[in-house]
**Q** 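Provided herewith is a single structure, encoded as structure tokens, for subsequent inquiry.
Side chains are part of it too, since the values below use all heavy atoms of this structure and drop only hydrogens, waters and symmetry mates.
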Amino acid sequence: MAARIERLVTSGQFTLDGGTWDVDNNVWLVGDDHEVIVIDAAHDAAAVARAVGDRRLAAIVCTHAHNDHINAATELADRTGAHIWLHPDDLPLWRLTHPGRDPDRHLRDGQVIEAAGADLTVLHTPGHAPGAVCLYDPGLGVVFTGDTLFQGGPGATGRSYSHFPTIIASIRDRLLGLPPHTQVLTGHGDATTIGAEAPHLEEWIARGH
């Protein structure tokens with residue numbers, strides 16, 4: 001059975017550098033009737049667990065470690081026994097939210113996470129956060145970009161641990177070369193495609209934020 005993609009939207013707060021903002025997050029589930037991967041366990045572990053249902057949770061994958069993308073990860077792991085995966089460059093951010101517990105596994109560039117017919121290739125795309133990753137599945141024709149690339153441009157880089165030239169390089173070198181039809185499934189808001197965003201790279205650089 002081919003993998004399918006489900007979206008759950010959860011609501012909560014993003015906190016960094018002394019500020020707090022209300023946010024809605026996309027939680028992505030990739031799998032079939034028996035097994036599933038959760039990408040970014042945000043805000044509400046009970047709601048994510050309900051979406052998983054009686055399926056085996058193969059992995060909890062974090063696109064980066066801002067609190068609004070990981071704050072339900074440890075509770076979800078405790079409920080299900082699933083391992084939490086994070087790129088090690090984001091451990092300083094992770095420890096702001098979960099100081100007493102590290103992730104179970106470290107993501108690495110080029111790694112493939114397999115479950116339920118999905119093959120998610122890890123693309124290290126720093127800039128929004130040092131350990132930010134995107135997850136590309138050519139068979140499904142999708143890339144899960146977390147907060148690296150949105151409809152309309154790159155993720156925010158105005159806070160600690162972020163850097164605008166770095167996120168531009170990540171998008172240019174790792175994402176915009178993917179097939180134009182590739183769906184971009186983001187950490188917040190609506191989906192887009194690589195083909196819709198690629199023509200605007202120079203505009204984003206000119207805006208410089």
Side-chain angles (χ1 to χ4, degrees), residues 3-8 14 23 25-31 36-42 58-66 68-70 73 84-91 93-94 103 105-115 118-157 161-201 204-205:
R4 64 178 183 269
I5 298 167
E6 304 160 45
R7 180 175 78 152
L8 171 69
F14 166 54
V23 287
N25 283 64
N26 294 327
V27 180
W28 297 102
L29 293 87
V30 186
V36 68
I37 293 168
V38 164
I39 300 170
D40 288 349
I60 302 164
V61 183
C62 308
T63 62
H64 62 294
H66 285 152
D68 58 316
H69 291 257
I70 63 166
I84 301 168
W85 292 76
L86 178 75
H87 193 283
D89 288 357
D90 256 21
L91 284 172
L93 277 168
W94 169 274
R105 299 285 188 271
H106 287 169
L107 296 170
R108 66 183 186 278
D109 188 62
Q111 172 184 0
V112 179
I113 299 172
E114 302 176 15
D119 295 294
L120 299 170
T121 298
V122 176
L123 307 176
H124 183 210
T125 52
H128 181 70
V133 302
C134 297
L135 303 164
Y136 174 51
D137 189 319
L140 294 174
V142 301
V143 60
F144 298 91
T145 56
D147 288 0
T148 293
L149 178 62
F150 291 101
Q151 183 183 77
T157 54
Y161 301 99
S162 65
H163 188 241
F164 180 75
T166 301
I167 200 171
I168 287 294
S170 291
I171 292 169
R172 182 189 63 227
D173 299 341
R174 307 307 307 276
L175 298 180
L176 297 188
L178 299 177
H181 66 267
T182 303
Q183 269 205 304
V184 175
L185 303 182
T186 59
H188 309 270
D190 295 331
T192 182
T193 65
I194 292 295
E197 301 307 320
H200 302 289
L201 177 65
W204 305 334
I205 294 171

**Q** Taking the side chain as every heavy atom from C-beta outward, state whether Glu197 and Leu175 have any pair of such atoms under 4.5 Å apart.
**A**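 Not touching, per the 4.5 Å side-chain cut-off.
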**Q** Strictly distance-based, threshold 3.5 Å: is any side-chain N or O of Asp89 a donor or acceptor partner for the main-chain N or O of Ala132?
**A**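 Pair absent, no side-chain N/O of Asp89 close to backbone of Ala132.
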**Q** Phe164 and Trp204: which non-hydrogen atoms are nearest, and at how many Å?
**A**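 Smallest interatomic distance, heavy atoms only, reads CZ-O, 3.3 Å.
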**Q** Contact between His69 and His188 at the side-chain level, heavy atoms closer than 4.5 Å - yes or no?
**A**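 Yes, their side chains come closer than 4.5 Å.
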**Q** Are Phe144 and Val61 close enough that some pair of their side-chain heavy atoms sits under 4.5 Å apart?
**A**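 They are not in contact (no side-chain heavy atoms under 4.5 Å apart), so the answer is no.
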**Q** Any non-hydrogen side-chain atom of Leu91 less than 4.5 Å from a side-chain atom of His106?
**A** yes
**Q** Taking all heavy atoms of Gly131 and all of Asp90, pick out the closest pair and write down the distance.
**A**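 Gly131 and Asp90 have their closest heavy atoms at N-OD1, 2.6 Å.
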**Q** Can Arg174 and Asp109 be said to form a side-chain contact (heavy atoms from CB on, under 4.5 Å), step by step?
**A** CA-CA 11 Å; Arg174 307 307 307 276; Asp109 188 62; 3.0 Å; yes
**Q** How long is the gap from CG on Leu29 to CZ on Arg7, to the nearest 0.5 Å?
**A**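 Answer rounded to 0.5 Å: 12.0 Å.
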**Q** Show every salt bridge (Lys or Arg N to Asp or Glu O under 4.0 Å) that has at least one partner inside residues 118-147, sequence neighbours left out.
**A** none
**Q** What's the shortest heavy-atom distance between Thr145 and Cys134, and which atoms?
**A** CA-SG, 3.6 Å
**Q** Would you indicate whether the side-chain heavy atoms of Ile39 and Thr63 approach each other to under 4.5 Å?
**A** yes
**Q** I want to check something: taking the side chain as every heavy atom from C-beta on, are Trp28 and Leu135 in contact at a cut-off of under 4.5 Å?
**A**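 Result no, sub-4.5 Å side-chain heavy-atom pair not found.
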**Q** Looking only at heavy atoms, what is the nearest atom pair of Gly127 and Thr157, with distance?
**A** O-CG2, 3.8 Å
**Q** Considering residues at least two apart in sequence or located in another chain, which fulfil the salt bridge (Lys or Arg N to Asp or Glu O under 4.0 Å) criterion with Glu114?
**A** none
**Q** So how far is it from Asn26 CG to Leu8 CG, rounded to the nearest 0.5 Å?
**A** 9.0 Å
**Q** Taking only residues two or more places apart in sequence, or in another chain, which ones meet Phe150 in a ring-ring contact (aromatic ring centres under 6.0 Å, His included)?
**A**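 Expected list: none.
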**Q** Kindly determine whether Leu107 and Ile113 satisfy side-chain contact (heavy atoms from CB on, under 4.5 Å), including the steps that lead there.
**A** CA-CA 9 Å; Leu107 296 170; Ile113 299 172; 3.7 Å; yes
**Q** Ignoring hydrogens, what is the shortest heavy-atom contact between Ala129 and Leu93? Give both atom names and the distance.
**A**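 Scanning both residues completely, I find the closest heavy atoms to be CB-CD1, 3.8 Å.
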**Q** Between Thr125 and Ile171, is any pair of side-chain heavy atoms under 4.5 Å apart?
**A** no
**Q** To the nearest 0.5 Å, what is the distance between CG (Leu185) and CG (Leu140)?
**A** 9.5 Å
**Q** Can any side-chain N or O of Ser170 pair as donor or acceptor with the backbone N or O of Pro126 at less than 3.5 Å?
**A** yes
**Q** For a 4.5 angstrom cut-off between non-hydrogen side-chain atoms, does Gln151 reach Thr186?
**A** no
**Q** Show the numbers, then the answer: is there a side-chain contact (heavy atoms from CB on, under 4.5 Å) between Asn25 and Asp40?
**A** CA-CA 9 Å; Asn25 283 64; Asp40 288 349; 6.0 Å; no
**Q** Check the orientation of His128 and His66. Use parallel for under 30°, tilted for 30 to 60°, and perpendicular for over 60°.
**A** perpendicular
**Q** So, for Cys62 and Ile70, which heavy atoms are closest and what is the spacing to 0.1 Å?
**A**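 For Cys62 and Ile70, the tightest heavy-atom pair comes out as SG-CG2, 3.8 Å.
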